[in-house]
Number of protein chains: 2
Amino acid sequence: MPEQRFTSVWTRESKPRRAQQGLSREQIVRATIELLDAEGMEALSMRKLGAKLGAGATSLYWHVANKNELLELAMDEVFGAVRIPDSENWREVVSNVAWGLRVAIMAHPWFTFVLGSLPALGPNALNCSAVLCAALSRAGFQGHDVDYAGAAVLSYTIGATAPEAAYTSALKSRGITMEQANRDLAPAVEQAVRAHPEIHARFQQAVDSTIDPIAHRQLSFDFGLVAMLDGLAARLPRSADMPANHLTN
Amino acid sequence: MPEQRFTSVWTRESKPRRAQQGLSREQIVRATIELLDAEGMEALSMRKLGAKLGAGATSLYWHVANKNELLELAMDEVFGAVRIPDSENWREVVSNVAWGLRVAIMAHPWFTFVLGSLPALGPNALNCSAVLCAALSRAGFQGHDVDYAGAAVLSYTIGATAPEAAYTSALKSRGITMEQANRDLAPAVEQAVRAHPEIHARFQQAVDSTIDPIAHRQLSFDFGLVAMLDGLAARLPRSADMPANHLTN
DNA sequence: GACGATTGTCGTACAGTGTGCGAGTGACCT
DNA sequence: AGGTCACTCGCACACTGTACGACAATCGTC
């Protein structure tokens, strides 16, 4: 049996391109993202995408090996949308990248779906990593710890945002408002809270509607991010720079 | 237009069940997990699942509303596989739950895929949350901070493990060994590292094969987890309990 | 026991999917 | 002028989730 090779958009050299004419890979990826944003993950089909571009479905296969490659490209584009801050303060850099990534993910909820199925090896993903690592390196981390710390921040950011994006996206794709969902969830939540009194706030938005759920989640995200940064800072040789002075009480 | 309602396996009361006969929901979920484990996400089809159970494909629809519900159930089963520790020490509890969840996810790589598309509202997911929150509450967190801290740990754990599981799963489903993948990735990695010298360790497994990649990732996971726990501990009123004394240097 | 209601199974069918293949088209280079 | 590429696309195949309605089996009630 001939052993398979590992392939990804990022592991093959690109084909030579003729002068601009008709479809281009960039154009296709852009259309893919538009379609995904507008109609969600399961509405994306090659035929629909082709139609949107005024082309046949199979024409796309000249520019892209398969649908998965297309998704890899789209995912990396989201990583590319993260604005990279320019600052000397490592906490500021790391924090801004994390927030930027969060915003990008929330704007493209299908992102977490793709991330769950395909590895993220694109240049923009690597760049996000690299920016974090550079800042952490300047902060004083050394050796493997640089990568570990960078991965930790990235992991937290993605892990915190993914379920949130999945949820809002699930609502949107079924055409349900958040109020309606909260109303539908209310009995189940009530029962869950009765069984586990410890988690009263996690779903409190569903019962207590005076709290803005979006603000609530931002607070939650910030709490974890600050904790992570504090934990990292404590690892630095002399951590004389800046206490944890953030918007959480 | 009649507004849609939000539905999930967990938001509808279960049907009355007659005495055990033929298919059962538990049996179906078990078979689903077996099939997913063995052949991966995209190999799961209702027809194949029916065949595996010696039943027609559409018979399944009596016990389950649709494929998504089935995935929700399977996902919650994974949450249920996390062994809940019994300890007074909050760090031990939290740390063990995090590691347990990590192990469960790695054993069922399709998990992160489902998590990316469907919200996790099942009892076992809630229970994981609740156990964490209970420990954190005993540790001294109060009010919303309890939930925030619990969510932070869960988020980090999932975010750190998801891409890893996705990657190994992608390899497995294409029948590629890790050595082969590393070989295929090597040129791309080399180029990436040249462009971003900051991230030399993230892919070092691909070049320097003397490091066991699995151990490497465990170290990385532990690093972030300890940082998160340290950051949380620092938030406690009097953090006189136990320094960060773990396997990282 | 009889009989209607409920629970459960399944064959068929429909609309739609990703993508392999091979024929076609036009632009470029020699 | 002729050949070689970069592309586009129609067709076809195997396969998907699931709505529907016809069946069988078992139950509660008389």
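In what follows, chains are A, B, ... by sequence order, proteins preceding strands, each numbered from 1.
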TODO: Using a cut-off of strictly less than 4.0 Å, decide whether B/His63 has a side-chain nitrogen or oxygen near OP1 or OP2 of C/dT7.
DONE: no
Open item on the list: Within the structure provided, determine whether B/Thr11 and A/Leu185 are in side-chain contact (heavy-atom separation under 4.5 Å).
Closed with: yes
Task: Any B/Val97 side-chain heavy atom under 4.5 Å of B/Leu132 side chain - done: yes
Open item on the list: Is it the case that atom CD1 in B/Ile84 sees more than 12 heavy atoms from other parts of the structure closer than 6.0 Å?
Closed with: yes
- [ ] To the nearest Å, give me how far apart CG (B/Leu70) and P (D/dT18) are.
- [x] 10 Å
- [ ] Scan residues 69-80 of chain B for pairs that pass side-chain hydrogen bond (donor to acceptor under 3.5 Å, both in side chains), counting only residues two or more places apart or in two chains.
- [x] B/Ser8-B/Glu72, B/Arg12-B/Glu69, B/Asp76-B/Asn124
Task: Residues forming a side chain to side chain contact (heavy atoms under 4.5 Å, CB included) with B/Ala151, sequence neighbours excluded - done: A/Arg202, A/Ser220
Open item on the list: I want to check something: taking the side chain as every heavy atom from C-beta on, are B/Thr32 and B/Leu73 in contact at a cut-off of under 4.5 Å?
Closed with: no
Task: Given DNA chain D, 5'-ward residue of the pair B/Asn66 and A/Ala55, judged by closest heavy atom - done: A/Ala55
Return the polar atom pairs (N/O with N/O) between nucleotides 13-16 of chain D and the protein under 3.5 Å, or none.
residue, atom, partner, partner atom, Å
D/dT16, OP1, B/Ser45, OG, 3.0

- [ ] In whole angstrom, give the distance that lies between atom CH2 of A/Trp62 and atom P of C/dG24.
- [x] 18 Å
TODO: Please state how far atom OH in B/Tyr61 lies from atom P in C/dT7, giving the value in whole angstrom units.
DONE: 21 Å
TODO: Go through the N and O atoms of the side chain of A/Thr58 and the base of D/dG10, and report whether any donor-acceptor pair is under 3.5 Å.
DONE: yes
TODO: Please figure out whether A/Ala65 or B/Gly54 has its closest DNA chain C nucleotide nearer the 5' end.
DONE: B/Gly54
